[in-house]
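Quick caveat, the model's predicted, so the values are computed rather than measured.
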Amino acid sequence: MRRMSTDESILGAVPEFFGIDLMLKARPSTEGSERFIYVEASREDRDQQGEIVLAKALQDSVDHFTRFGVVDLDHKSMPSVARQYGIESPEEWAIGQPTEVRFDGGTTFVKAQLYSGDTPMAARANMVWDRLTKLKPAARYYASVGGSVLAKAIRIDPKTGDKIPVVTKTRWNNLALTTSPVCQHLE
């Protein structure tokens, strides 16, 4: 797997589902006629459920993610989430697939290729691309990682003494783009 260069990194619940929303925008790019987005996918901070997902947990699952993972909107291509929303065709919410992942300390960066074409299966990917490249100002999409929790531990907050659940092992299979992240306290 090719490592992304620094300038490529983002500038400027069902069987234990996890999700982390970040407040950093997706950045579009093209390589020939192929469309890509670059996102900071996660950071080792407490998420909206009060958990921390370790970068090591994602790193240990990166081969699964790059081989089988899906990029979608609001995790709606995941069967468990689709059932929640009454979505009959969850595959229509998929907009692309991951191509590369880079780790920098506790931060995870993803490069993903967006689907293209004039088929209904590419309609949402085309909408995302247009919102990122044709609107002024560009739409904001934020990242949310998702998958199954395979193992957890407890970390004690040294300042408060609170117990913090820490996800130590995952089956990472989803990266969602969202326009309204749940976690609002991150930069």
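Atom OH of residue Tyr115 and atom CG of residue Asn126 lie 12.5 Å apart, to the nearest 0.5 angstrom. The OG1 atom of Thr178 sits 8.5 Å away from atom NZ of Lys76, with the distance rounded to the nearest 0.5 Å. In this structure, Ser148 OG and His64 NE2 are separated by 8.0 Å, a value rounded to the nearest 0.5 Å. Here the CZ-CD distance, from Arg102 to Glu40, works out to 9.5 Å after rounding to the nearest 0.5 Å. Atom OH of residue Tyr142 and atom CG of residue Leu177 lie 12.0 Å apart, to the nearest 0.5 angstrom. His75 NE2 to Trp93 CH2: the interatomic distance, rounded to the nearest 0.5 Å, is 13.0 Å.
Here the side chain of Asn173 pairs no donor or acceptor atom with the backbone of Phe65 at under 3.5 angstrom. In this structure a side-chain-to-backbone donor-acceptor pair under 3.5 Å is present from Asp157 to Lys159. Between the side chain of Thr170 and the main chain of Ala57, a donor-acceptor pair closer than 3.5 Å is present. A donor-acceptor pair under 3.5 Å is formed between the side chain of Thr160 and the backbone N or O of Asp162. One N or O on the side chain of Arg124 and one on the backbone of Glu92 form a donor-acceptor pair closer than 3.5 Å. Put simply, the side chain of Thr168 gets close to the backbone of Ala151: a donor and an acceptor are under 3.5 Å apart.
Counting heavy atoms from C-beta on, the side chains of Tyr141 and Thr179 come closer than 4.5 Å. In this structure the side chain of Ile95 reaches within 4.5 angstrom of the side chain of Leu73, judged on heavy atoms. Looking only at side-chain heavy atoms (C-beta outward), Asp72 and Asn174 come within less than 4.5 Å of each other. Residues Val71 and Pro98 have side chains in contact (heavy-atom distance under 4.5 Å, counting atoms from C-beta outward). Side-chain atoms of Pro28 and Phe36, non-hydrogen and from C-beta on, never get closer than 4.5 Å to each other. At a threshold of 4.5 Å between non-hydrogen side-chain atoms, the residues Trp172 and Asp63 do not count as touching.
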- Item | Steps toward side-chain contact (heavy atoms from CB on, under 4.5 Å) verdict (Ile164, Ile154) | CA-CA 6 Å; Ile164 302 169; Ile154 297 293; over 6 Å; no

- Message: Apply salt bridge (charged side-chain N to carboxylate O under 4.0 Å, His left out) to residues Asp45 and Arg43 and explain how you reach the verdict.
- Response: CA-CA 6 Å; Asp45 289 329; Arg43 210 181 302 154; 3.7 Å; yes

- Could you walk me through whether Ser42 and Thr108 pass the side-chain hydrogen bond (donor to acceptor under 3.5 Å, both in side chains) check? CA-CA 5 Å; Ser42 75; Thr108 305; 3.3 Å; yes

- side-chain contact (heavy atoms from CB on, under 4.5 Å) between Arg27 and Ile37, worked out: CA-CA 5 Å; Arg27 184 178 65 104; Ile37 56 169; over 6 Å; no

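With respect to Lys134 and Asp130, a salt bridge is recorded, a charged nitrogen being found less than 4.0 Å from a carboxylate O. Ion pairing between a basic and an acidic side chain is recognised when a charged N comes within 4.0 Å of a carboxylate O; Glu31 and Lys111 show such pairing. For Asp60 and Lys56, the salt-bridge test passes: some basic side-chain N is under 4.0 Å from an acidic carboxylate O. Salt bridge Lys152/Glu51: present, at least one basic N to carboxylate O contact under 4.0 Å.
In terms of heavy atoms, Ala41 sits closest to Leu175 at CB-CD1, 3.8 Å. Counting all heavy atoms, side chain and backbone alike, Gly117 lies closest to Ala122 at O-CB, 3.8 Å. Considering all non-hydrogen atoms of both residues, Ala82 and Pro90 come closest at CB-CB, 3.6 Å. Summarising the geometry of Leu54 relative to Arg155, their closest heavy-atom pair is CD2-NH2, 3.5 Å, with the distance given to 0.1 Å. Considering every non-hydrogen atom in both Arg35 and Ser116, the closest pair reads NH2-CA, 3.3 Å.
Put simply, Met78 and Phe68 are part of two different groups of oily side chains (I, L, V, M, F, W, Y) that touch within less than 4.5 Å, one to the next. Under the 4.5 Å side-chain heavy-atom criterion for ILVMFWY residues, a single connected hydrophobic cluster contains both Leu114 and Val101. Taking hydrophobic clusters as Ile, Leu, Val, Met, Phe, Trp and Tyr residues chained together by side-chain heavy-atom distances below 4.5 Å, Val70 does not share a cluster with Val81. Note on Met127: it clusters hydrophobically with Val39, by side-chain heavy-atom contacts below 4.5 Å among ILVMFWY residues.
The one candidate from Glu100, Glu34, Gln97 that meets the side-chain hydrogen bond (donor to acceptor under 3.5 Å, both in side chains) condition with Gln113 is Glu34.
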